[in-house]
Amino acid sequence: MNPLKRIKTLAISNCKSLLCSSSSSSQHFQNPISPSKSHLYSSFFCTLIQTFLSCYRFTQARNSFLFMRSLGLNPTVHQWNHLLFRFNASGLVSEVPNVYSELIKCHQSSNLFARNVLIHAFCKMRMLEMALEVVRDGEADVVSYNTLIWGFCDNGMVTSAVGFLSEMFKRGVGMNTISCNTLLKGLCDEGMLDESESLMNMFVCWGIGRDIVGFNTLLSGHCKLGAMDEAMGLVESMKGEGISPDVVSYNTLFHGFCRVGEFDKAKGLMDVEKDGFEPNAITYTTFIGGYCNRKQLDKAYLLYEEMVTSGILPDVVTYSALINGLCKSGKLLKGYSLFRQMEKMDITANHVSYSTIIDTLFKSGKPRELSIIQGEMVVRGIILDLVSHTIFLDGLFKAGMVDEAEKVFKHISSLQFKPNHFTYTALIDGRCKAEDLKGAELALSEMQNRSIGRTVVTYSSIISGYVRNGMLDKAVDIMKKMKDEHVFPNIVTYCTLMDGFFKMGKLEEALDLYEEMLKEGIAANKFIVDVLYNGLRKNGSMKKAETILRYMEEKGLLLDCVNYTSLMDGLFKEGKIEDAFKLESLMENLAPDVIFYNVFINCYCLLGKSDKAKLIFYAMKNMGLSPDNATYNILISVHCKEKKLDEALELFHEMSSTGLMPNAINYNTLVGGLSQHGNLLKAVDLLNEMAVAGFCPSPSTHRKVLLACSNLKRADSILQLHEQMVQMGLRPDRAVYNALIHVLCTLGMTQKATVVFKEMLGKGIAGDTMTFNALILGHCRSGHLDKAFDTYSQMLLVGVTPNIATYNSLLGGLSAAGRMEEVDRLLHEMQNKGLAPDGITYNILVSGHGKISDKKKSVRFYHEMVRNGFVPTIGTYNVLISDFANVGMMTQAKELLNELQKRGLSPNSSTYDILISGWSRLSNGIEVQRLLKEMDEKGFVPAVSTCRSITRSFARPGKKKQAQKLLSKMYNVKDG
DNA sequence: TTAGGGTTAG
């Protein structure tokens with residue numbers, strides 16, 4: 001179908017649908033306006049529509065137009081043309097084809113003016129095919145072709161645009177300076193400066209001279225490439241040709257100097273040219289923007305005041321620059337308030353003002369405000385450009401809304417935008433942060449294929465992605481690739497890669513990179529200082545770390561909140577607690593953030609001062625800082641450690657009630673804490689909640705939950721909970737299997753443990769020392785010494801090295817069975833393997849020999865044990881004491897009692913029972929009485945057997961039973 | 001009715 005017919009059909013169907021939907025007002029449409037007043041009404045409607053358009057009330061403008069047409073009103077050709085022009089110029093470009101088709105309906109034809117506006121509208125909507133068809137379909141003049149050339153240039157298709165020159169020639173449409181200048185801009189925008197100069201010369205040959213606009217276009221081209229020397233040279237040749245630079249030329253130069261950071265040169269130029277140069281709004285805005293970009297807001301505001309007092313009115317661009325300055329300096333509220341103030345001054349916000357605010361809202365994580373502003377933008381019909389789309393793409397990625405961000409990228413292409421290096425860099429960065437490295441690599445190669453230049457930011461983004469995923473080699477490859485392409489690493493690139501090396505423990509490589517950076521003439525900043533300080537101290541070079549920090553401070557480098565946070569953590573972990581805490585007062589002027597407080601709170605928690613930690617927590621909230629998941633986690637964790645489970649749970653609920661969703665770490669900490677300290681039921685409840693929320697338990701949580709089952713003898717739950725946690729996404733690796741086997745074994749469920757062990761082997765996971773130790777201990781505890789030794793043999797067979805725990809289990813098993821000869825043999829075997837006995841081994845040896853009354857050996861091992869610095873347990877002492885007491889050697893028994901007390905141990909109930917029985921047998925009533933009193937004072941109750949010993953020795957003949965009853969009653973002992 | 005300068009994105 002012919003494009004004009006297509007437009008017509010489209011417009012008619014649009015009108016029909018709109019009219020049918022507004023049934024309530026349809027009655028009015030039935031009254032036609034009398035022909036005599038038709039002209040008046042048309043004029044009225046045209047004025048109304050234009051008024052709506054001029055204040056961006058697009059819906060009303062569109063509805064008024066439809067209403068006018070439904071009344072059958074037909075404006076004059078002049079009015080039609082003006083309407084078309086206004087629709088096109090106001091930004092409601094999408095309506096132009098509809099208006100045009102209505103024009104055709106009324107007048108059956110159109111003039112060149114209307115066609116040219118239509119061409120312009122199609123070009124703006126990037127519907128280049130349609131624009132081309134209109135140009136080729138009928139009458140066209142130089143304006144039609146210039147507009148088409150502009151449209152193609154604006155969409156980066158400058159080669160096709162140049163091609164239209166021959167078509168113009170063939171159709172006899174003469175080209176003019178505007179054709180030349182439009183093409184010049186197209187070429188400059190693509191960085192084709194040489195080609196643009198040749199084109200200018202070509203036009204001169206065709207008799208079309210160059211003018212100030214053309215020169216300014218070239219000037220802008222040079223400035224955008226940062227070629228300021230060439231730009232200044234061009235000004236000289238302009239003057240040579242008798243063309244004086246105008247305010248546009250100067251503004252272009254000012255902007256160029258500001259862009260390359262030569263702010264003083266820009267200002268100097270302004271001072272030199274002060275005679276005969278009148279700054280305008282754009283001049284002021286250029287400098288205001290320059291100051292804002294340098295975060296010199298005070299200077300920007302001074303200039304703004306000067307501008308206003310000079311009678312030059314700031315416009316939307318001036319305000320957008322100031323809003324941007326405020327937002328970028330972290331003054332979002334002030335920026336937003338200026339945004340609203342601007343509107344009160346009847347300056348309508350444009351897509352740039354909106355994009356600036358939206359970018360800031362994304363970056364400061366304010367989703368609610370963001371959706372309000374976004375809605376406002378839609379209602380006002382603000383058309384998004386490529387920059388605005390890139391802001392959304394980047395913002396959505398940063399907010400973790402990966403799917404939505406990817407949709408924006410697809411949308412950008414569907415709108416016929418040509419993504420540029422900003423767009424691709426945001427995409428690469430976003431994909432890297434979403435751990436989609438393949439996607440990032442794909443985007444990078446797409447950039448290459450589409451000849452979109454990669455910048456240092458593009459490469460730094462992907463380097464950062466590789467570093468975060470521990471792929472240092474790939475990161476280094478990219479660094480090499482970028483250098484090969486003459487894209488030189490900047491401070492961010494160096495910082496990222498240095499951090500990566502430090503985190504992988506590659507100290508030397510990190511420091512080499514630091515050297516390289518300095519050699520390249522890049523001075524360290526606070527980010528580099530942070531990476532160096534943390535990298536060095538975490539790799540054991542605390543001294544070096546402190547030297548660097550002090551050196552930087554001496555050099556006058558301003559450190560920030562992050563640097564001080566690292567410093568606090570460092571000092572604290574070095575044990576310089578006082579110095580660390582002093583930092584809080586130093587920090588006041590630096591506006592400490594949540595992370596600083598988290599570190600501060602954590603320091604108190606590590607000192608076991610949860611009360612102090614909580615005070616800081618409240619102070620932080622009072623300062624208006626919102627605690628984050630980490631803050632709550634630090635506090636939940638310390639409360640769990642201090643067994644304050646109710647408070648831990650309360651914190652967890654407080655977090656949810658303030659709208660902070662618990663994360664996987666919060667769940668793991670609390671489930672682990674509840675399990676460890678006896679509230680398994682609540683832990684399991686929370687584990688279920690965690691499953692619903694889609695979080696995966698950590699291996700540590702798994703271990704703690706299973707241990708809790710084991711402690712509560714809830715054998716039935718062990719396998720079930722294990723299965724549940726695997727279902728939740730826990731990867732059953734060796735550590736997880738070891739925890740399960742260990743727990744089953746401690747409960748004596750060695751058969752089940754063996755089944756699990758086989759399952760583990762079946763999955764290709766070999767057992768290690770921990771696995772075998774658990775199984776051996778299990779067999780020993782359940783008295784299956786043969787199986788324990790079978791497992792031990794298997795362990796040696798598969799080449800897993802036994803450790804002291806292996807031998808302690810086996811020795812303990814043998815000792816419990818009284819097989820002391822085998823104990824001695826195994827002890828030799830163990831010592832031959834180079835393993836020395838530890839405290840546990842000695843306890844086994846001393847008490848084992850003690851139990852079979854081998855005093856010689858038990859005392860020998862006892863002395864060896866003490867000599868080697870091990871303190872026997874009270875159980876071991878009891879065995880020794882009992883061995884002496886049983887044969888009436890109470891002096892030795894008493895001596896042992898003194899020794900154990902000297903070593904900081906206290907006698908327990910059994911110690912007293914043993915001693916009392918011993919003295920009873922010797923009929924020493926004084927000692928028995930004394931010990932009974934001491935025992936009573938400590939809250940211990942004598943055992944039944946002890947009472948029997950007492951009555952056996954002290955009751956009168958024939959009164960033993962009564963004495964026994966009396967004693968039992970006295971000590972509330974059950975009469976056995 | 002078409003062409004040049006200032007504000008936004010990585």
Side-chain angles (χ1 to χ4, degrees), chain A residues 81-82 84-85 88-89 111-121 123 141-151 153 176-186 188 211-221 223 245-256 258 280-290 292-293 314-325 327-328 350-360 362-363 384-395 397-398 420-430 454-458 460-461 492:
Chain A
N81 282 353
H82 204 66
L84 272 173
F85 175 70
N88 183 44
N111 59 17
L112 251 174
F113 181 93
R115 291 170 68 85
N116 286 345
V117 174
L118 182 67
I119 294 164
H120 197 193
C123 286
D141 66 356
V142 62
V143 176
S144 326
Y145 270 100
N146 284 350
T147 311
L148 195 65
I149 287 173
W150 171 82
C153 283
N176 60 15
T177 329
I178 296 178
S179 328
C180 169
N181 293 343
T182 311
L183 280 170
L184 280 181
K185 167 118 168 61
C188 284
D211 66 355
I212 181 76
V213 176
F215 270 114
N216 285 344
T217 307
L218 269 183
L219 200 58
S220 168
C223 287
D246 64 359
V247 64
V248 175
S249 328
Y250 284 114
N251 287 344
T252 309
L253 288 170
F254 295 149
H255 188 228
C258 287
N280 62 10
I282 292 178
T283 321
Y284 275 104
T285 305
T286 306
F287 281 100
I288 289 173
C292 284
N293 283 331
D315 63 4
V316 62
V317 182
T318 321
Y319 283 110
S320 298
L322 281 170
I323 291 167
N324 181 46
C327 288
K328 290 286 174 329
N350 65 8
H351 63 291
V352 177
S353 338
Y354 271 104
S355 299
T356 306
I357 294 283
I358 284 178
D359 187 45
T360 313
F362 262 125
K363 283 177 181 147
L384 299 186
D385 64 357
L386 181 60
V387 177
S388 325
H389 276 98
T390 306
I391 287 171
F392 272 101
L393 174 75
D394 181 55
F397 266 126
K398 290 209 163 84
N420 60 16
H421 69 88
F422 279 108
T423 322
Y424 267 106
T425 303
L427 181 69
I428 287 174
D429 188 56
R454 279 77 58 202
T455 68
V456 60
V457 185
T458 321
S460 299
S461 292
V492 178

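Because the structure is predicted, anything quoted here is derived from the model rather than measured. We name chains A, B, ... by the order of the sequence lines, and we start the count at 1 in each one. Computed over heavy atoms, backbone and side chain alike; hydrogens, waters and symmetry mates excluded.
In the set B:dT2, B:dT7, B:dG5, B:dT2 carries the atom at the smallest distance from any side-chain atom of A:I178. Set against B:dA3, B:dA9, B:dG6, the side chain of A:D359 has B:dA9 as its closest nucleotide. Listed nucleotides B:dG5, B:dA9, B:dG6 differ in distance to A:T285; the shortest reach to its side chain belongs to B:dG6. With B:dG6, B:dA9, B:dT1 as the candidates, the nucleotide lying closest to the side chain of A:D315 is B:dG6. Residue A:N251 places its side chain closer to B:dG5 than to any other of B:dT2, B:dT1, B:dG5. Candidate nucleotides B:dT8, B:dT2, B:dG5 were compared by shortest atom distance to the side chain of A:S220, and B:dG5 ranks first. Nearest to the side chain of A:T356, among B:dT1, B:dA3, B:dT8, sits B:dT8. Checking B:dG5, B:dA9, B:dT7 against the side-chain heavy atoms of A:K185 singles out B:dG5 as nearest.
Between the CZ atom of A:F422 and the C1' atom of B:dT7 there is a distance of 14 Å, given to the nearest Å. In this structure, the CG atom of A:N116 is 11 Å from the P atom of B:dT1, given to the nearest Å. As rounded to whole Å, 15 Å separates atom P of B:dT1 from atom CH2 of A:W150. One can place CD1 of A:I428 at 19 Å from P of B:dA9, the figure rounded to the nearest angstrom. What separates CG of A:L253 from P of B:dG6 is a distance of 12 Å, to the nearest Å. If you measure from atom CG of A:L322 to atom P of B:dT8, you get 11 Å, rounded to the nearest angstrom. Taking atom CD1 of residue A:I149 and atom P of nucleotide B:dA3, one finds them 12 Å apart after rounding to whole Å. Note: CZ (A:F392) to P (B:dA9) measures 14 Å, nearest angstrom.
Among the heavy atoms of the strands lying under 4.0 Å from A:T318 is at least one base atom, whether or not backbone atoms are also near. Residue A:V117 is out of contact with every strand shown, counting any heavy-atom pair closer than 4.0 Å. A:T283 comes within contact range of no nucleotide atom at all, as no heavy-atom separation falls under 4.0 Å. Within 4.0 Å (heavy atoms only), A:A281 reaches at least one base atom of the nucleic acid.
Using modelled atom types, one finds no donor on one side chain facing an acceptor on the other under 3.5 Å when comparing A:T252 with A:S220. Under 3.5 Å, the side chains of A:D359 and A:T356 contain no donor-acceptor pair of N or O atoms. Inspection of the A:D211 and A:N181 side chains reveals an N or O donor paired with an N or O acceptor under 3.5 Å.
Using bins of under 30°, 30° to 60° and over 60° for the plane-to-plane angle, the ring pair A:F254/A:F287 lands in the tilted bin.
Phosphate proximity of B:dT8 to A:H389: absent, as no side-chain N or O sits under 4.0 Å from OP1 or OP2. Within the 4.0 Å cut-off from OP1 or OP2 of B:dA3, not a single side-chain nitrogen or oxygen of A:N146 is found. Between A:H255 and B:dG6 there is a side-chain polar atom (N or O) within less than 4.0 angstrom of OP1 or OP2. OP1 or OP2 of B:dT7 has not a single side-chain nitrogen or oxygen of A:K328 nearer than 4.0 Å. Close to B:dT8, at under 4.0 Å from its OP1 or OP2, lies a side-chain N or O of A:N293.
Residue-to-nucleotide contacts include no donor-acceptor pair under 3.5 Å from the side chain of A:N280 to the base of B:dG6. At a cut-off of 3.5 angstrom, counting only N and O atoms as typed in the model, there is no donor on one side facing an acceptor on the other between the side-chain of A:D246 and the base of B:dG5. Between the side chain of A:S320 and the base of B:dT7 there is at least one donor-acceptor pair of N/O atoms closer than 3.5 Å. One donor-acceptor pair, N or O on each side, does fall under 3.5 Å between the base of B:dA9 and the side chain of A:N420. Donor-acceptor pairing under 3.5 Å, judged by distance alone, is absent between the side chain of A:T286 and the base of B:dG6.
A side-chain hydrogen bond (donor to acceptor under 3.5 Å, both in side chains) with A:N251 is found for one member of A:T286, A:T283, A:T285 and no other, namely A:T283. Of the residues listed (A:F113, A:F85, A:W150), the one engaging A:H120 in a ring-ring contact (aromatic ring centres under 6.0 Å, His included) is A:W150, and it is the only one.
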Run the side-chain contact (heavy atoms from CB on, under 4.5 Å) test on A:K328 and A:N293 for me, step by step, so that the C-alpha distance in whole Å, both residues' side-chain angles and the decisive distance to 0.1 Å come before the verdict. CA-CA 8 Å; A:K328 290 286 174 329; A:N293 283 331; over 6 Å; no
